[in-house]
Undergrad: 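Take this structure, written in structure tokens, and hold onto it; I'll ask about it next.
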Amino acid sequence: MFAEDKKEEKSLNFIEEIIEADLQSGKYTQIITRFPPEPNGYLHIGHASSICLNFGLTKKFPGYTNLRFDDTNPVTEDTEYVESIKNDIRWMGFEWKHELYASDYFDTLYGYAVKLISKGLAYVDDSTSEEIAAQKGTPTEPGTDSPFRSRSADENLELFEQMKNGAFPDGSRTLRAKIDMQHINMLMRDPILYRIKHAHHHRTGNKWCIYPMYDFAHGQSDSIETVTHSICTLEFVPHRELYDWIIEKLEIYPSHQYEFARRNLNYTVTSKRKLLQLVQEGHVHGWDDPRMPTISGLRRRGYTPESIRDFCDRIGVARRENMIDVGLLEFCVREDLNKKALRRMAVLDPLKVVITNFPEGVTEMCQLENNPEDDAAGMREVPFTREVYIEKEDFMETPSKKYFRLAPGKIVRLKGAYIVQCEDFVKNENGEVTEVRCTYIENSKSGHDTTGINVKGTLHWVSVADAVPVEVRLYDRLFVVEDVASEEGDFKDYINPDSLHVITGYAEPALADAKPGDSFQFLRKGYFAADTESTNEKPVFNRTVTLRDNWAKAAVS
RNA sequence: UGGCCGAUGGUGUAAUGGUAACACAGGACAUUUUGGUUGUCUUAUUCAGGGUUCGAGUCCUUGUCGGCCAACCA
């Protein structure tokens, strides 16, 4: 059980209420859910919500959850996606009961189709795609019957078998349900059940040249697995009538579909089509680019499974349209990493400080806490010398009144080391400050400070002689507008041209040992995770998220 | 012009006919050898009108606004 699940019981969401009622009434003694991705892309933060819901339900209530790949369209699907999906679900901390594929049921589904035809409830249609579209009518106008609608069951059976045997080219015929072309629900106007695709399938190879449509695969797959609560997003609400119709006519186990609103995150996109486009056109460096809202991207960025689960928990489950602030996701990862991440010092934009009264050639070790939030994390030693780097932004020639960092004549604490006072500074010909000269106060060392001086500011620093150069990748939101989908024109027009900055930072020696995936808090700068490409020779860090910064906020306003 | 689904602080969720709650974001103060963390305080006539009721965010009704539905995608 996850720690966050142990919190005091929150009120149930509407699906949990339904399940509780079903359990209490004795309708079920256990529940079965499923997570049904199509293996045609990587999982994203929206899927995370669905994963937490489906798997979370069977953690909370008796029962189990299957992983079922909805692989009914061979032309877009691939085993690469299957593997990434399994990997991401496990990383999220969930384990499925059975690994299943809709393609496992192709024979059964074929039999179901034959049964429907025999009952006079399906027919082979020779109409073209355009003709079928025309027959459908519109939401406000009824459709018209296909000229092939009244074929005999025997003829349909014969034709359908020939379809299966590869007698016809792609697109030449379809199997359609015979329901009602005047139905108020467009999906009930003789929906296509099977189409011809002479395509290689990632699992069944070339065995089949006809493939069932979503509506003729999903509900039956649920039924075959005796899924009790089949949970999907709101755009499938109109499909429920067809879902129930097929199950009823086939007289198979009655699974039930329940819909919730997909979660939208601002400043990003969560459409697989759009994400694929970003990858294929090189706007990002792959599905796991740390700017991507994919689970693999978030992982590489430094997000933890705990933080993503917490996020999903906080945003909840409902049926209304929503746009969730990415700030909440950031809050969740800060909260998690604050407890776990070891503190390290790294200077991202260096300015040299010379401590004029500190002896040359001497290295003095300083003891610093690895994590003030976790005593068990212990201490580490950091070398201090006459010359150190601080951040450029931590010195101001003419500071405002509320600035309590370094400035001419002002004192400041170098974290874990000494209190220093600024005596002088050097400028280059462009008027930029290139060096700050300070004196240190001898008996002010952290832990042994007998001066009684109260300093307002504390700076992070790195010894010049001991600094480890590291590549640091700073990320910003991928899009410049909150709601990309609602904007006019091509979504790519709203890509943030400054979503990535690669810089060289100077880190304390301990950071040279970072292993890919390790997370750290760079003091006063944010949380950073060693990238998958990081090595001891060339450490690379991704900024997961900055620290909250009240000073920066105040400066803006 | 049809059908379906929605509407509660800036955002996301709660309140199951009986005091509109929680979290994030924002603001203020305190604490702090990270301007981090932590603590305290603070921000709503529940889309609108009508109705039922002792009592309505909740039930009924009308309207308004938003989303979805006319892929051989899922």
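Letters A, B, ... are given to chains in the order of the sequence lines, protein chains preceding strands, and every chain is numbered from 1. Excluded from the calculations below are hydrogen atoms, water molecules and symmetry mates; all remaining heavy atoms, backbone and side chain alike, are included.
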Undergrad: Could you tell me the separation between the NZ atom of A:K272 and the P atom of B:A74, rounded to a whole number of Å?
TA: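 Between P of B:A74 and NZ of A:K272: 11 Å.
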Undergrad: May I ask you to check if A:R173 and A:F168 form a cation-pi contact, with NZ or CZ under 6.0 angstrom from the six-membered ring centre and within 45° of the axis?
TA: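 Verdict for A:F168: a cation-pi partner in A:R173.
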Undergrad: Any base atoms under 4.0 Å from A:E321, or only sugar-phosphate, or nothing? Heavy atoms, all strands.
TA: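 Touches sugar-phosphate only.
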Undergrad: Looking at every strand, decide which applies to A:Y194 at a 4.0 Å heavy-atom threshold: base, sugar-phosphate, or nothing.
TA: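 Nothing, no nucleic acid heavy atom in range.
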Undergrad: Can you tell me the pairing partner of B:C41 across any strand shown, Watson-Crick or G-U wobble, with both distances under 3.5 angstrom?
TA: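 When the pairing criteria are applied, B:G27 turns out to be the nucleotide that pairs with B:C41.
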Undergrad: Counting heavy atoms from C-beta on, name the nucleotide in B:C24, B:A14, B:U1 closest to the side chain of A:R320.
TA: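 Of the options given, the side chain of A:R320 lies nearest B:A14.
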Undergrad: Who is the Watson-Crick or G-U wobble partner of B:U33, with both distances under 3.5 Å?
TA: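 Paired with B:U33, as far as the under-3.5 Å criterion goes, is no nucleotide at all.
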Undergrad: Using purine N1 to pyrimidine N3 plus N6-O4 or O6-N4 for Watson-Crick, or N1-O2 and O6-N3 for G-U wobble, each under 3.5 Å, what pairs with B:U46?
TA: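 Answer to the pairing question: none, since B:U46 forms no Watson-Crick or G-U pair.
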Undergrad: Take the protein atom NE2 of A:H183 and the nucleotide atom P of B:G2, then report the distance between them rounded to whole Å.
TA: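 Roughly 17 Å, once rounded to whole Å.
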Undergrad: What nucleotide among B:C24, B:U33, B:C69 has an atom nearest to a side-chain atom of A:P238?
TA: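 In terms of side-chain proximity for A:P238, the closest of B:C24, B:U33, B:C69 is B:C69.
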Undergrad: In plain terms, say whether A:E508 and A:R380 are close enough for a salt bridge, that is, a side-chain N and a carboxylate O under 4.0 Å apart.
TA: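 A:R380 and A:E508: salt-bridged.
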Undergrad: Ring of A:Y123, cation from A:R176 - is the NZ or CZ under 6.0 Å from the centre and inside 45° of the axis?
TA: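 Output no; distance or angle outside limits.
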Undergrad: Out of B:A74, B:C72, B:U34, which nucleotide sits closest to the side chain of A:I132?
TA: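 For the A:I132 side chain, the nearest candidate turns out to be B:C72.
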Undergrad: What is the distance from CG of A:N338 to C1' of B:U34, rounded to the nearest Å?
TA: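 Distance, rounded to whole Å: 10 Å.
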Undergrad: Quick one: the side chain of A:R524 and the base of B:U34, do they pair up donor-acceptor inside 3.5 Å?
TA: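 Check fails, no donor-acceptor contact within cut-off.
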Undergrad: Does the ring centre of A:Y211 sit less than 6.0 Å away from the ring centre of A:F106?
TA: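 Judged by ring-centre distance (under 6.0 Å), A:F106 and A:Y211 do meet the cut-off.
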Undergrad: What nucleotide, of B:A14, B:G35, B:A74, holds the atom closest to the side chain of A:W551?
TA: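 Among B:A14, B:G35, B:A74, the one nearest the side chain of A:W551 is B:G35.
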Undergrad: For A:F14 and B:U8, what is the distance between atoms CZ and C1' respectively, to the nearest whole Å?
TA: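 The distance from CZ of A:F14 to C1' of B:U8 comes to 17 Å, rounded to the nearest Å.
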Undergrad: Give the ring-plane orientation class for A:Y389 versus A:Y506, where under 30° counts as parallel, over 60° as perpendicular and anything between as tilted.
TA: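 Tilted: the ring planes of A:Y389 and A:Y506 meet at 30° to 60°.
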Undergrad: Quick check, are the ring centers of A:Y110 and A:F160 under 6.0 angstrom apart?
TA: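 Ring centres of A:F160 and A:Y110 closer than 6.0 Å.
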Undergrad: In whole Å, what separates the C1' atom of B:U37 from that of B:A44?
TA: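 About 31 Å, rounded to a whole number of Å.
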Undergrad: With a non-hydrogen cut-off below 4.0 angstrom, is A:G41 in contact with a base, only sugar-phosphate, or nothing?
TA: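 If one applies the 4.0 Å heavy-atom cut-off, A:G41 turns out to touch nothing in the nucleic acid.
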Undergrad: Scan A:Y403 against the nucleic acid and name what it touches under 4.0 Å (heavy atoms): base, sugar-phosphate only, or nothing.
TA: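 Base contact - A:Y403 has a heavy atom under 4.0 Å of at least one base atom.
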Undergrad: In whole Å, measure the gap between the P atoms of B:G12 and B:C73 for me.
TA: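 Each nucleotide's P atom is 34 Å from the other's.
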Undergrad: What interatomic distance, in whole Å, is found between C1' of B:A20 and the corresponding atom of B:U13?
TA: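 Between the two C1' atoms, the distance is 13 Å.
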Undergrad: With a distance cut-off below 6.0 Å to the six-membered ring centre and an angular limit of 45° from the axis, does A:K274 pair with A:F491 as a cation-pi contact?
TA: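 Relative to the ring axis of A:F491, which defines the angle, A:K274 lies inside both limits.
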Undergrad: Check whether any side-chain N or O of A:K197 sits under 4.0 Å from OP1 or OP2 of B:C73, and answer yes or no.
TA: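 For A:K197, the contact criterion (side-chain N or O under 4.0 Å from OP1 or OP2 of B:C73) is met.
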Undergrad: Side-chain donor or acceptor of A:E241 under 3.5 Å from a matching atom on the base of B:G3?
TA: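 Donor-acceptor pair under 3.5 Å: no.
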Undergrad: Want to settle it: does A:H239 or A:E235 sit nearer the 5' end of RNA chain B, counting the closest nucleotide to each?
TA: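 Comparing both residues, the 5'-ward one is A:E235.
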Undergrad: Quick check, does A:Y214 stack with B:A74? I mean ring centres under 5.5 Å and planes off by under 30°.
TA: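 A stacking contact does not exist, since A:Y214 is not both close and nearly parallel to the base ring of B:A74.
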Undergrad: Looking only at the side chain of A:R548 (C-beta and beyond, no hydrogens), which of the listed nucleotides B:G36, B:C72, B:U33 gets closest?
TA: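 The listed nucleotide nearest to A:R548's side chain is B:G36.
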Undergrad: How close or far is atom P of B:C68 from atom CG of A:L187, stated in whole angstroms?
TA: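 From A:L187 CG to B:C68 P: 15 Å.
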Undergrad: Heavy atoms under 4.0 Å, any strand shown: does A:I324 hit a base, just sugar-phosphate, or nothing?
TA: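 Answer is sugar-phosphate: A:I324 comes under 4.0 Å of backbone atoms only.
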Undergrad: Can you tell me the pairing partner of B:C65 across any strand shown, Watson-Crick or G-U wobble, with both distances under 3.5 angstrom?
TA: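 B:G6 - that is the nucleotide pairing with B:C65, both distances being under 3.5 Å.
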Undergrad: Does A:R477 make a cation-pi contact with A:Y267 (under 6.0 Å, within 45 degrees of the axis)?
TA: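 Yes, A:R477 lies over the aromatic ring of A:Y267.
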Undergrad: So if I take every side-chain heavy atom of A:T140 and compare against B:C72, B:A15, B:U1, which nucleotide ends up nearest?
TA: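 Nucleotide nearest to A:T140's side chain: B:U1.
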Undergrad: Does the side chain of A:R195 get closer than 4.0 angstrom to OP1 or OP2 of B:A74 through an N or O atom?
TA: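 Yes, A:R195 has a side-chain N/O under 4.0 Å of OP1/OP2 on B:A74.
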Undergrad: Quick one: A:R343 CZ to B:U32 P, roughly how many Å, whole number?
TA: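 Going from CZ in A:R343 over to P in B:U32 covers 18 Å.
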Undergrad: Quick one: which of B:U34, B:A70, B:A74 gets closest to the side chain of A:M213?
TA: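 Comparing B:U34, B:A70, B:A74 against the side chain of A:M213, the answer is B:A74.
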Undergrad: Would you measure the distance from the P atom in B:U8 across to the matching atom in B:U42 and give it in whole Å?
TA: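 Between the two P atoms, the distance is 24 Å.
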Undergrad: Just how far, in rounded Å, is P of B:C73 from OH of A:Y211?
TA: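 It is 13 Å, rounded to the nearest whole Å.
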Undergrad: What's the CZ-C1' distance between A:R314 and B:A23, to the nearest Å?
TA: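 Atom-to-atom, A:R314 to B:A23, this comes out as 6 Å.
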Undergrad: State whether A:N550 places a side-chain N or O below 4.0 Å from either non-bridging phosphate oxygen (OP1 or OP2) of B:G36.
TA: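 Yes, such a contact exists.
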Undergrad: Please pick, from B:A15, B:G35, B:A70, the nucleotide with the shortest atom-to-atom distance to any side-chain atom of A:K136.
TA: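 So the side chain of A:K136 is nearest to B:A70.
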Undergrad: Taking only N and O in the side chain of A:R405, is any of them less than 4.0 Å away from OP1 or OP2 of B:G35?
TA: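 The answer is no; no side-chain N or O of A:R405 sits under 4.0 Å from OP1 or OP2.
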Undergrad: From the list B:G12, B:U34, B:A14, which nucleotide is the closest neighbour of the side chain of A:A318?
TA: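 Looking only at side-chain atoms, A:A318 lies closest to B:A14.
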Undergrad: Under 4.0 Å between a Lys/Arg side-chain N and an Asp/Glu carboxylate O for A:R68 and A:D104?
TA: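 So A:R68 does not pair with A:D104 through a salt bridge.
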Undergrad: Any base atoms under 4.0 Å from A:P37, or only sugar-phosphate, or nothing? Heavy atoms, all strands.
TA: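 Here A:P37 touches no strand at all.
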Undergrad: Taking atom types as they are modelled, would you say the side chain of A:T458 forms a donor-acceptor pair with the base of B:U34 within the 3.5 Å cutoff?
TA: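 In this structure, the two groups form no donor-acceptor pair.
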Undergrad: Among the nucleotides B:G27, B:A74, B:G35, which one has an atom lying closest to any side-chain atom of A:K553?
TA: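 It is B:G27.
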Undergrad: Hey, does the side-chain of A:R344 have a donor or acceptor N/O within less than 3.5 Å of a partner on the base of B:U34?
TA: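 Checked by distance alone, the answer is no.
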Undergrad: So what does A:N322 hit on the nucleic acid, given a heavy-atom distance under 4.0 Å: a base, only sugar-phosphate, or nothing?
TA: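 A:N322: backbone/sugar contact only, no base atoms under 4.0 Å.
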